[in-house]
Amino acid sequence: MFSFNDLSVEPIINACGTVTRLGGSPLRPEALDAYQQASLLAVPLEELQTAVSKQLAHWTGAEAGIITSGAAAALTLGAAAILAGNDPARMECLPHTESMPNEFIISRDQRSGYDHAVRASGASLHEVGLNEVVSGAGVRRTETWEYESAISDKTAGILYVYTDDSAPNLDEVVALGKQHGIPILIDAAGELPPPSNLKKLIKSGANLVAFSGGKAIGGPQATGLLLGQKQLVGSALLQMLDMDDHPQLWNPILSDKSELQGMPRHGIGRGFKVSKESIMALMAAINCFLNEDNSQRMAILAGILSDIQTTLEEAGISSQLVWSDRETVPKLQIPTRAAFEVCQNLRSHSPRVFVGHGLLDQGILTINAIALREHQVNSLSQALINCVQSE
Ligand SMILES: *Cc1c(COP(=O)(O)O)cnc(C)c1O
């Protein structure tokens, strides 16, 4: 046994959600079992990922799918697949892309730190559109014709970051991509739940979609999914797998050997390797995620939040439950004076508490119960009362 305690690292109360900085989501017990089982046996990883691909296809409606070391890795690999296709010479070049079309068109208001993952493949981003709503200068966001006007012989793909209210509409962007033969790569890392998004984004006709495995699915923190067209997913897999074998013995299963000029060497994704244990643990977690009643899971989280709300109310602190869509994660918002100080005091409280910090500049602390353990609820409420009241 070796624990956080042996390193003198004190675990926190995570009331923030399945965020990477705080270690992602709690691992489902079924995933832990699968991890342990898988650890005792050996399997060829290419064969395992190909079998995984069939199961993911069955679950999501995608032609193919692989497990990656996170959604960010799925974005790098997805972009690498679009850039190189089945050409081993291009795979070998990456991240140097002078000799190939290398631009991904992206709406300016969809840029974020996560698009570094796409740029890491060697792609460059071609920004389009203006967000006049955010700049306070108007009512319009990026429009589809602006993507179209950016298409040139340098265009490799379109990067689309999906949320409930991303603009322009995904269907319009997919139709444009189809019309010009330009593949669409979607970042949907955090867009689960609802579980229906796993199928919906594939059904949109997008070529590749990236999801996190360590967020609401409850798989290992360092896992993700890349779903989509078989040829592209096959290319992504080739660029991730270890390639140390003899060409005459090598038999790629997900890719068509006759379409490959030769056997690629280790690709740009070799550093993103996923262990057999992680692969099996994520598969077990997805199986649970798809077989459970998601709205009931969300209702349980809402119940925890309303208990916290009641405890806070008894201490004279008001809060608001925000839960517009019953298939998505409910949140409790606590307006407070000096929100940054309260947030800081919570982080140094005993026990330490991390709350959602997305609305601090509006003076609001946010509580998300998805990564909270049941035995932590009372300590959380008490910490909130201590820190909010002392401001
Ligand atoms: C979390 C997130 C990622 C990164 O996902 P990982 O699985 O941690 O690699 C990428 N894009 C968005 C929008 C995210 O929310």
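Just the heavy atoms: all of them, side chains too, but no hydrogens, waters or symmetry mates, feed the values below. Counting convention: from 1, in listed order, for ligands and their atoms alike.
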Considering only NZ, NE, NH1 and NH2 on the basic side and carboxylate oxygens on the acidic side, decide whether [X] and [Y] come within less than 4.0 Å.
| X | Y | answer |
| --- | --- | --- |
| Glu391 | Arg337 | no |
| Asp109 | Arg141 | yes |
| Glu10 | Arg352 | yes |
| Arg28 | Glu292 | yes |

Could you tell me the separation between the CG atom of Leu254 and the CD atom of Glu46, rounded to the nearest 0.5 Å?
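Nearest 0.5 Å value for the CG-CD distance: 8.0 Å.
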
Reported CG-to-CG distance for the pair Asn86 and Leu260, which is rounded to 0.5 angstrom:
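If we round to the nearest 0.5 Å, Asn86:CG and Leu260:CG are 4.5 Å apart.
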
Would you mind listing each N/O atom of ligand 1 next to any protein N/O under 3.5 Å, plus the distance?
residue: ligand 1; atom: 5 (O); partner: Ser212; partner atom: OG; Å: 3.0
residue: ligand 1; atom: 7 (O); partner: Ala71; partner atom: N; Å: 2.8
residue: ligand 1; atom: 7 (O); partner: Ser212; partner atom: OG; Å: 2.6
residue: ligand 1; atom: 8 (O); partner: Thr20; partner atom: OG1; Å: 3.3
residue: ligand 1; atom: 9 (O); partner: Ala71; partner atom: N; Å: 3.1
residue: ligand 1; atom: 9 (O); partner: Ala72; partner atom: N; Å: 2.8
residue: ligand 1; atom: 11 (N); partner: Asp187; partner atom: OD1; Å: 3.2
residue: ligand 1; atom: 11 (N); partner: Asp187; partner atom: OD2; Å: 2.8
residue: ligand 1; atom: 15 (O); partner: Lys215; partner atom: NZ; Å: 2.8

